[in-house]
Amino acid sequence: MPELTTSRLVLHNRGSHVLGSWKPISHSTCAHKSSTRSHLVANLSQSSAPITVVYLVAIEDIVQSPIVRSQVIELVKAITAGASDHKITLVSVYPILNLIRFRSPVKALRRELAEHGVTLRVFPLFYLTRYFYVPIWLLPLFLLQALLVSLWVSIFLKPGVVHCRSYPAAVIGALTRRFTKTKFVFDTRNLYPEEGATLIRSWQAKVLGKASYTLWKEIEARLMRHADATVVVSEPTVDVLVSQYPRAEKRLHVIPQLAPVSSMVSLQTWRRQSRRKLGLAESDVMVAYMGTWFEPEPTIQLFRLLQQTAPDIPWHFMLLVSKQAQLPAGQHQGLEAYVLAKLEDGPSCTALSLPHKEVAIYLAGADLAVHPFSIPKEAEKDPLYLRRLKAWQSIKYTEYLAAGLAIVVSQWVGAVAQSVQKHDLGVVYDLCSTDELASWIANWHQNQEAYRRRAWEYADSNFRIEIVAQRYLDLYQTLAEQG
């Protein structure tokens, strides 16, 4: 079982800034929200010495991925808005098949970014695969192209800061640092070697085999050694990395993933709108599950647990999943029918595949969110798997809180479980006895508005795009001042 309790959440260097300590919302707090945001915008706009920043992404889909849209495209636009005197260039090393297929969307994205003062440069990645995890047999080809891109960036862009999202992009950034005096920001996002070595493809092969994992760990060590700053999204990731690279501790920074945080007034409007469309009564308690893929076993087990623990509550389960979400082999009925067949009589279920911009509207209609997980038996003693789970913080966690939803989460979603426990944002269901879970549900049911406001306030204080953009700008400025 992974260790899920730590005592620190930091923003910049460890121990320097506490991230997201929660205070109850008073009327005066709400009244000062607009002035606080105005002050934040003023801070974003304060002039400083111009910095040329190159933001690098590699292999990720810059036009199709909602994650890249929310975590990269919107972020660089916000960074530029916060420091118009800085020059921001988004450099994408994009698989050649995607570039050919999505030429028009790439051109549209270039125009969109240009309107916000961001330049987009796209380099084709010449191998016929879109796998984000680069195996050992493809690594030489990737490294050759990484070298060419880094030379181009060094010669033609001359960045003061090169900000690299995840490990493949960081390889390019590390090479750029060797050719120039640029400051190199290694933005890990996740534990790439551990994740690749524990994810399984449909044909039951690990995405990264043993040799590939070993080589990526060697690359990771070099990236950690040469990065001027390493950014992680959660404090447990800091603990994992410091245990392996203690000399890098002072260069580690926690900057969370961002989420679109709408006003409470908007959330209330969306709540009425979505629940009316779903035909729900005000007394119905809607539980939201959101994910690109549907994980039937742990999700249905958790739905059944809620139903059995609080049978008097009129539960409605909502699945927000992609069109690619699939049922187990041999199952041919619809997703809603499949879920209801696995539950006892009583609850209702809705399954929706929505454009990402509409997801927040339906999340606002929910009362509770779930983040289930079931660890495979053989993985319980696998150190790579446990390391990956300890550091795991999903984007759904930030979007749940931005919608004002308390979260029922598994202990195995380590960073989320820690935050939920520390800030009273929900419950870790598989660390509870049946009586303890029943007690928590009863308390939550009686105090839904308090939980809703607490979740929203935490998101508003930590995940709002202007706040995250300012944290990156502060980091760029700090590095630039180091000379």
Practice prompt. Could you tell me whether the side chains of S166 and R189 share a donor-acceptor contact shorter than 3.5 Å?
Written response: no
Item to complete: Return yes if some donor-acceptor pair links the side-chain N/O of R165 with the main-chain N/O of L56 below 3.5 Å, else return no.
Response: no
Discussion item. Whether the S394 and H371 side chains hold a donor-acceptor pair (N or O, under 3.5 Å, no angle test) is what I'd like checked.
Written reply: yes
Worksheet entry | No-hydrogen, no-angle side-chain donor-acceptor test under 3.5 Å, N190 and Y167 | no
Worksheet item: How about Y451 and W456: are their ring centres within less than 6.0 Å of each other?
Response: no
Discussion item. Checking the side chain of S266 only, and the main-chain atoms of S262 only, is there a donor and an acceptor separated by less than 3.5 Å?
Written reply: no
Discussion item. Could you tell me if E399 and H356 have a donor-acceptor pair between their side chains, going purely by distance under 3.5 Å?
Written reply: yes
Item to complete: Please name all residues satisfying ring-ring contact (aromatic ring centres under 6.0 Å, His included) with Y362, sequence neighbours left out, ordered by chain then number.
Response: none
Fill in: Q411 and Y429 side chains, donor-acceptor separation under 3.5 Å
no
Practice prompt. Would you check if there is a donor-acceptor pair between the side chains of S234 and T237 at a distance under 3.5 Å?
Written response: yes
Worksheet item: Are the ring centres of Y476 and H163 closer than 6.0 Å?
Response: yes
Discussion item. So does M286 get a backbone contact from the side chain of D367, meaning a donor-acceptor N/O pair under 3.5 Å?
Written reply: yes
Worksheet item: Can you check whether D435's main-chain N or O pairs, donor with acceptor, with S439's side chain at less than 3.5 Å?
Response: no
Worksheet item: So, the side chain of N447 versus the backbone of W444: is there a donor-acceptor pair under 3.5 Å, distance only?
Response: no
Discussion item. Taking side-chain contact (heavy atoms from CB on, under 4.5 Å) as the definition, give me every residue that meets it alongside T350, ordered by chain and number, with sequence neighbours left out.
Written reply: L278, H316, E336, L352
Fill in: Salt-bridge present (E112, R69; N to O < 4.0 Å)
yes
Item to complete: Have a look at F303 and tell me which of F317, Y289, W315 forms a ring-ring contact (aromatic ring centres under 6.0 Å, His included) with it.
Response: F317
Worksheet item: Hey, mind stepping through E449 and R271 against salt bridge (Lys or Arg N to Asp or Glu O under 4.0 Å) and telling me if it holds?
Response: CA-CA 13 Å; E449 187 59 29; R271 175 179 172 81; over 6 Å; no
Item to complete: Name all residues meeting the ring-ring contact (aromatic ring centres under 6.0 Å, His included) criterion together with W216; count only those two or more places apart in sequence or in a different chain, and write none if there are none.
Response: Y192
Item to complete: Give the intermediate values and the outcome of salt bridge (Lys or Arg N to Asp or Glu O under 4.0 Å) for residues K77 and E115.
Response: CA-CA 9 Å; K77 284 160 42 173; E115 291 175 358; over 6 Å; no
Worksheet entry | Near-ring test F463/Y397, centroid separation under 6.0 angstrom | yes
Discussion item. Measuring from atom OG1 of T119 to atom CG of L113, what distance do you get when rounded to the nearest 0.5 angstrom?
Written reply: 9.0 Å
